[in-house]
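Position 1 is the first residue of the sequence; numbering continues from there.
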Amino acid sequence: MVEAVTSTAPPDRTAPTAGAPTAAPGPAHESPAETSATPRVPAWSRLAAFARRPAGRDLGAALAFVAFALWLTAGVWPDPGARVLALNPEDQVLYEWFLANDTRLFRGDFSLLTERLNVPDGVNLMANTTVIALGVVLTPVTLLFGVETTFAVLLGANLALTALAWYLLFARVAQAHRGAALIGGAFCGFAPGMLSQNISHLHMTAQWLVPVMVWCVVRLYRAADPAAQRPVRELIGFGVALGGLVTVQVFIGEEVLFLTALSLLLLTLVYAARRPAVARRAARRFTAGLLVAVAVGVAALAYPLWFQFAGPRAVADGVFDAGYFSADLASWPAISPLSLGGSAEAAKLTTGPAEHNTFLGWPLLLVGAVCAGWLWRRPLALACAVTALVMAGLSLGPEIVLHGERTGISGPYRLLHGLPVVDGALPMRFALPVVPLLAVILVLAVDRALRDPQRILRFAGPAAVLAALLPIVPRPMLTAERPPLPEFITAGHWRACVPSGGVLIPVPLPTPKDPWAMRWAASTNIEFGLPEGFFIGPYGAKGTGSIGTYKQVTSALLADVAATGRVPVINDDQRRQAETDLRFWRASCVALPDSAPNARPLLATLENLLGPGTRVADTWTWRIG
């Protein structure tokens with residue numbers, strides 16, 4: 001409680017007595033205007049004063065995060081349309097298609113099943129990582145500057161906003177020292193797992209709502225404590241807010257939401273076990289607030305989630321093999337090749353550059369363990385440590401792997417393997433929540449050190465944490481040039497061959513491994529449909545999940561020519577099959593660009609199948625029907 005302070009200063013002996021004339025406040029030659037003027041404060045002094053205020057420090061942190069994110073993603077910025085992420089260009093094409101398709105909402109297309117890919121079956125958007133909310137919000141950017149620019153914006157914004165959101169949670173909600181909050185926010189936004197997932201996995205790096213959801217849970221807990229005497233409307237308000245945030249996160253990335261919910265559940269249980277009396281006191285009202293959040297979420301998400309798991313082209317099971325996508329135990333103390341202290345040798349410990357989720361390095365693991373031991377009496381630090389260990393254990397998958405060799409020892413994930421919903425998450429991604437959990441421990445430790453009266457601890461604590469973080473500071477993201485789109489597309493010549501809403505057959509057709517033709521549609525904001533393509537669908541054995549679909553006879557034939565360069569002998573049966581496949585695809589036009597692999601053999605094959613083509617700009621075309 002702030003105490004009122006009363007002035008006890010003696011009366012001013014020079015003050016005039018009652019009735020006495022008052023002396024002029026300044027020399028006789030000064031005018032009233034001159035005496036009342038306020039001295040000017042230099043602009044740099046005002047700026048320095050603002051920088052010392054909490055708002056100024058927060059703005060400085062935000063600018064630092066943005067600048068660092070721009071530096072990391074600078075490779076795509078000279079020309080987003082001509083640059084591509086070198087380590088995962090296929091997924092970049094996929095996300096650009098999704099972002100372009102999201103603009104169709106503003107043209108009145110609210111369907112969760114798009115017929116502009118995998119024609120004629122279509123694609124269930126809820127069963128894919130379509131980042132619908134991000135695409136809708138950035139539709140103006142897509143329409144004005146192109147979908148490649150939208151992708152580049154999200155590439156940096158997801159990192160910077162995630163770092164800023166955690167920083168604000170640490171500084172404003174946890175009331176940590178801003179130096180500690182800056183370290184924690186930077187670690188959350190730019191950890192090895194975040195940079196690795198940023199290689200095209202936009203749904204995994206868009207984590208800036210997670211700290212806001214945590215804030216809502218904290219406020220619910222505070223409002224639930226009867227001793228706080230908070231009104232019921234506050235409890236309801238934060239429950240509604242939490243339900244709304246959950247709803248939005250579903251349309252950004254469900255996997256992040258699942259991992260967040262599981263981590264918070266474990267954290268809450270451990271925290272409650274550490275403080276049982278407090279937990280019992282707040283349990284009833286806290287549960288009521290969570291039920292409000294659940295009610296809001298169910299009302300908003302009932303139809304979309306039904307559509308995802310039971311609607312057309314739904315995928316109810318996991319697509320990826322849990323055993324293959326398990327974290328190697330040796331990857332935890334290793335340092336990612338994407339970091340300053342990493343080496344190419346460490347890349348052998350994971351499935352690819354987009355899944356370096358565990359590479360925290362032995363210095364950080366050591367410092368984190370010391371900090372957790374130092375803070376073990378604090379319930380929050382203990383809960384974070386236990387939860388981090390559980391999530392790290394789950395990341396090891398159903399069977400523990402060490403240096404690439406299966407040990408035959410079952411991992412904790414085996415208890416969850418095969419469960420609905422859980423099976424949709426890759427085991428190695430269970431390591432991602434370890435970052436914010438470890439960040440909380442580091443923030444608490446640095447905050448305690450900075451407030452300690454011993455000068456040596458105030459210096460040694462932050463220095464040790466910074467030294468442990470230095471090896472995992474990320475390198476700028478690798479980019480490369482990508483081939484330009486055909487003039488047939490960029491100059492709009494395709495409009496003479498494909499009517500509005502028609503279907504274009506690019507040769508070769510897009511596949512998960514070679515989705516490049518999906519760029520054609522993305523650059524036009526999905527003005528036309530494509531057969532086959534790169535997506536998640538129910539085309540596995542007995543309707544299970546698959547990446548892409550099976551090929552038609554004609555598309556398989558053309559793919560073989562593109563791969564081998566051999567022109568097959570075409571007979572009447574193959575011509576009739578081509579006609580059947582084109583009708584199945586509802587094709588309007590077939591297009592073969594000069595840039596296609598083995599373009600000359602493909603041209604000869606298509607002329608044998610369909611007859612002479614028409615040259616339009618840099619593309620051979622065949623109008624159908």
**Study point:** side chain to side chain donor-acceptor pair (under 3.5 Å) between Ser395 and Tyr413, worked out
**Key:** CA-CA 7 Å; Ser395 75; Tyr413 184 84; over 6 Å; no

Review point. With sequence neighbours left out, which residue pairs that include part of residues 252-262 fulfil the salt bridge (Lys or Arg N to Asp or Glu O under 4.0 Å) condition?
Key: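 Of all non-adjacent pairs touching residues 252-262, those that pass salt bridge (Lys or Arg N to Asp or Glu O under 4.0 Å) are Glu255-Arg429.
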
When you measure from the side chain of [X] to the backbone N and O of [Y], does any donor-acceptor pair fall under 3.5 Å?
X      : Y      : result
Gln249 : Gly253 : yes
Thr73  : Ala69  : yes
Thr605 : Val567 : no
Trp585 : Pro120 : no
Asn571 : Gln574 : yes
Arg519 : Pro484 : no
Asn118 : Pro531 : no
Thr103 : Leu99  : no
Asn124 : Val315 : no
Thr130 : Met126 : no

Practice item. Decide yes or no for Thr524 and Phe528: does some side-chain heavy atom of the first lie under 4.5 Å from some side-chain heavy atom of the second? Key: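 A side-chain contact under 4.5 Å exists here.
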
Point to revise | Any side-chain heavy-atom pair of Phe151 and Leu202 under 4.5 Å | key: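 Yes, close enough: below the 4.5 Å cut-off.
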
Could you list the donor-acceptor pairs under 3.5 angstrom formed by side chains in residues 498-509, with sequence neighbours left out?
none

Indicate whether the side chain of [X] and that of [Y] have a donor and an acceptor atom separated by less than 3.5 Å.
X      : Y      : answer
Thr621 : Thr614 : no
Ser555 : Glu532 : yes
His356 : Ser196 : no
Asp328 : His403 : no
Thr554 : Asp581 : yes
His203 : Tyr95  : yes

Practice item. In plain terms, say whether Arg615 and Asp594 are close enough for a salt bridge, that is, a side-chain N and a carboxylate O under 4.0 Å apart. Key: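 A salt bridge links Arg615 with Asp594.
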
Closest non-hydrogen atom pair, [X] against [Y]:
X      : Y      : result
Thr358 : Ala327 : CG2-CB, 3.7 Å
Leu72  : Arg475 : CD2-O, 3.5 Å
Glu487 : His493 : O-CD2, 3.7 Å

Might you confirm whether atom [atom1] of [X] has over 12 heavy atoms from other residues, nucleotides or ligands at distances under 6.0 Å?
X      : atom1 : value
Arg600 : CZ    : no
Phe145 : CZ    : no
Arg107 : CZ    : yes

